[in-house]
2 protein chains.
Amino acid sequence: MNYQKLFFGVTQHFLMIPSIEWKDESNTVRMIDQTLLPHELVFLEFKDFRGVANSIKIMNIRGAPAIGVAAAMGMALAALEFQYMDTATYISYMKQAANTITATRPTAVNLFWAVKRMLNVLEKNLKKNPKDITNMLIEEAKGMWKEDIDTNRAIGKHGAHVLVDGDTVLTHCNAGSLATVQYGTALAPVRWAIEEQGKKIQVIANETRPRLQGARLTAYELQYDKIPVKVQSDNCSGLIMMLGNIDKVIVGADRIVSDAVFNKIGTYLVALAAKRHNIPFYVAAPESTLSLDETRKDVTIEQRDGKEVANVLGKVHIVPDGVEIINFAFDITPFDLITGIITEHGIFKHRELLKRYKSSFG
Amino acid sequence: MNYQKLFFGVTQHFLMIPSIEWKDESNTVRMIDQTLLPHELVFLEFKDFRGVANSIKIMNIRGAPAIGVAAAMGMALAALEFQYMDTATYISYMKQAANTITATRPTAVNLFWAVKRMLNVLEKNLKKNPKDITNMLIEEAKGMWKEDIDTNRAIGKHGAHVLVDGDTVLTHCNAGSLATVQYGTALAPVRWAIEEQGKKIQVIANETRPRLQGARLTAYELQYDKIPVKVQSDNCSGLIMMLGNIDKVIVGADRIVSDAVFNKIGTYLVALAAKRHNIPFYVAAPESTLSLDETRKDVTIEQRDGKEVANVLGKVHIVPDGVEIINFAFDITPFDLITGIITEHGIFKHRELLKRYKSSFG
């Protein structure tokens, strides 16, 4: 069941609460601590941008669009901290804060995009006093928060066209509400198809080693929203397609360059299996994830601490001591494996994407 | 370093201890409890065939060839238990024991092969008394134990031809010493290349969700033997090949039918990635794994309890309560993805394998 009739006769869809919010009354950033899900729903509150930066680094918050908004809100907190300084010092400290925030994770382009957007506001208003600029930065961050939800709903509306009543959608990692402010990217078409179009859709979530965002987060938020979901080990993706159980694959993206999509490690294997079985493979992401002036060779793939693999969620050690671990956080899916990219403006094949966005981005 | 000079000048290779043994002095089956590795090396001892059957079911021992030998030794224990009965009862009870043992796991063909081989000895000697038949069954089981090691060394000798000094070999799951009596199937060519040919070879082991046989067992036994090994999440297999870090893939098999290889879930994804990157993909397995009169449609793929996925090694719960789990234990790799099958008699392409073995098997 994906909806519930309330007693006064309104069809009520459930909707996962936002992963991050700006609290006006206290000028605080509040976020869900995603490392504790699905067992505990705990909120973290930050007044210091350094705390927000650390929360990105240690993945209390994760998912490319959510990281972008967190980074913007971090910049707003920095502005509040430095707003009583003289303009030159304020600017200098803001640039240092930008460096602290962008140094947290190297692959998701939304992080750099968001910080750059905040610095643009700063640079366009250098003649104003720091207090006024700070208010503008807070508004900009809050605007990005709102835009993210609107963008995701637009992704959902466009993406829902590819879903047919009865479809089973495979997804990898979590590109859902928790990876964004709300509503998700890869999961947005599923939400739209169910909630706005009344289609029956179920999701199979790859558990997504090493940090298990699929098992923990995708399963959690879909269960929260009463959307049917099953979890499998990543290793099942090939067989489940061979057995004919998957109709569509939709994943998110951390960076889309001109010749490939960077997304959670393991995405490439799912794409290879989808290609083999002629299953449509879609990437859903906002424009802010596009970085089409780059090729795959320009991107640093984050390698994280091997402990993430060797010690599952910090609780069970699975590898003999002294054995070296390889732990790439993202992989590279070339465009020949991708049926279409779903953005807030439509669904684009590779060539169409380059034509539309390379020109509009300059 | 993969060898050590002892003080008296002999080059000493390390060799993982056997996974299972028959103890003549007590007529006991002793096996390593593989569920406790890599943290504790604990031995289980059985005098009752039901205990051996359960050890196969709950995977104290696993790996197709090791399961075969355990099943044979279980039959020998059953014979010891029933040897004082009259012949008709003895035969009837032995057949019941055979059913108990073969009911433990459905996919690995070696289990059925081993039990059938023991029943053949029984059936060819029905005129002897149960005590004499029992001694023959014990000798048969011990012979299969010895044959397994010889077979694996032959697989190693043939398979080592495909390895070049400096190669990095990717393997999935554990098809090593612990999956056999000793020496391994997929890891046998690595051992032979290092120990008999002095080649430098390193192994990258996929962790192999959900039961993590790669992280726990392959890493353990290669570290024990001083063979260089690194562990990665299964999701890394595609990227690591794209980055050019893998020279060969070698995996084991649970059943080889005329049109595909059944092996640990996730093998198919590794094979798809190897094909994409033109990396040779070999399956190493003894003849006892061949079942060439079947096609993939004839084989039941074991689906195990979802708790294996949801609760990592029974220690950390990773999925929200109430979410359904899909947990296939094996997948299917078609022959167009397989460079060659390494058996104790050589390396065979698909057509050669069918030609040689379909005729010899009748």
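All values below were derived from every heavy atom in this structure, side-chain atoms included, with hydrogens, water molecules and symmetry-related copies excluded. So that the names make sense, note that chain A is the first sequence line, chain B the second, and so on, each numbered from 1. Note that this is a predicted model, so its numbers are computed, not measured.
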Might you point out which heavy atoms bring A:V323 and B:Q223 nearest each other, and give the distance in Å? CG2-NE2, 3.6 Å

Tell me, for B:R296 versus chain A, whether the close heavy atoms (under 4.5 Å) come from the side chain, the backbone, both or neither. side chain

Sort A:D336 into side chain, backbone, both or neither according to what part of it lies under 4.5 angstrom from a heavy atom of chain B. side chain

I need the minimum non-hydrogen distance between B:F328 and A:L243, along with the two atoms involved. CZ-CD1, 3.7 Å

Under 4.5 Å from any heavy atom of chain B, what part of A:L222 do you find: side chain, backbone, both or neither? neither

Hey, can you tell me if A:H39 and B:H317 have their rings parallel, tilted or perpendicular (30° and 60° cut-offs)? tilted

When you compare the side chain of A:Q232 with that of B:V309, does any pair of heavy atoms fall below 4.5 Å? no

Between CG on residue B:L272 and OH on residue A:Y268, distance to nearest 0.5 Å: 10.0 Å

So, the part of B:L37 with a heavy atom under 4.5 Å from chain A: the answer is neither

With a 4.5 angstrom heavy-atom cut-off, which part of A:L313 approaches chain B: side chain, backbone, both or neither? side chain

Between B:N327, B:I240, B:L337, the one whose heavy-atom pairs under 4.5 Å with chain A are most numerous: B:L337

Heavy-atom donor-acceptor pair, A:N235 side chain to B:R209 backbone, under 3.5 Å: yes

Over all heavy atoms of both residues, which pair between B:I332 and A:M242 is shortest? Give the atoms and the distance, please. O-CE, 3.3 Å

Please look at B:N206 and chain A and tell me whether the side chain, the backbone, both or neither of the residue comes under 4.5 angstrom of a heavy atom of that chain. neither

I need the minimum non-hydrogen distance between B:A215 and A:P320, along with the two atoms involved. O-CD, 3.1 Å

Would you mind checking which part of B:I325 comes under 4.5 Å of any heavy atom in chain A, side chain (CB onward), backbone (N, CA, C, O), both or neither? both

Would you call A:P334 and B:R276 a side-chain contact if the rule is heavy atoms closer than 4.5 Å? yes

Taking all atoms of both residues into account, what is the closest heavy-atom pair of A:I318 and B:R216, and its distance? O-CG, 3.3 Å

Select, from A:G214, A:C236, A:G322, A:P210, the one with the greatest count of heavy-atom pairs under 4.5 Å involving chain B. A:C236

Which bit of A:I301 comes within less than 4.5 Å of chain B, counting heavy atoms only: side chain, backbone, both or neither? side chain

Please name the pair of heavy atoms, one in B:L269 and one in A:D234, separated by the smallest distance, quoted to 0.1 Å. CD1-O, 3.6 Å

Please identify, among A:L212, A:I326, A:T333, A:I204, the residue contributing the most non-hydrogen atom pairs under 4.5 Å to chain B. A:I326

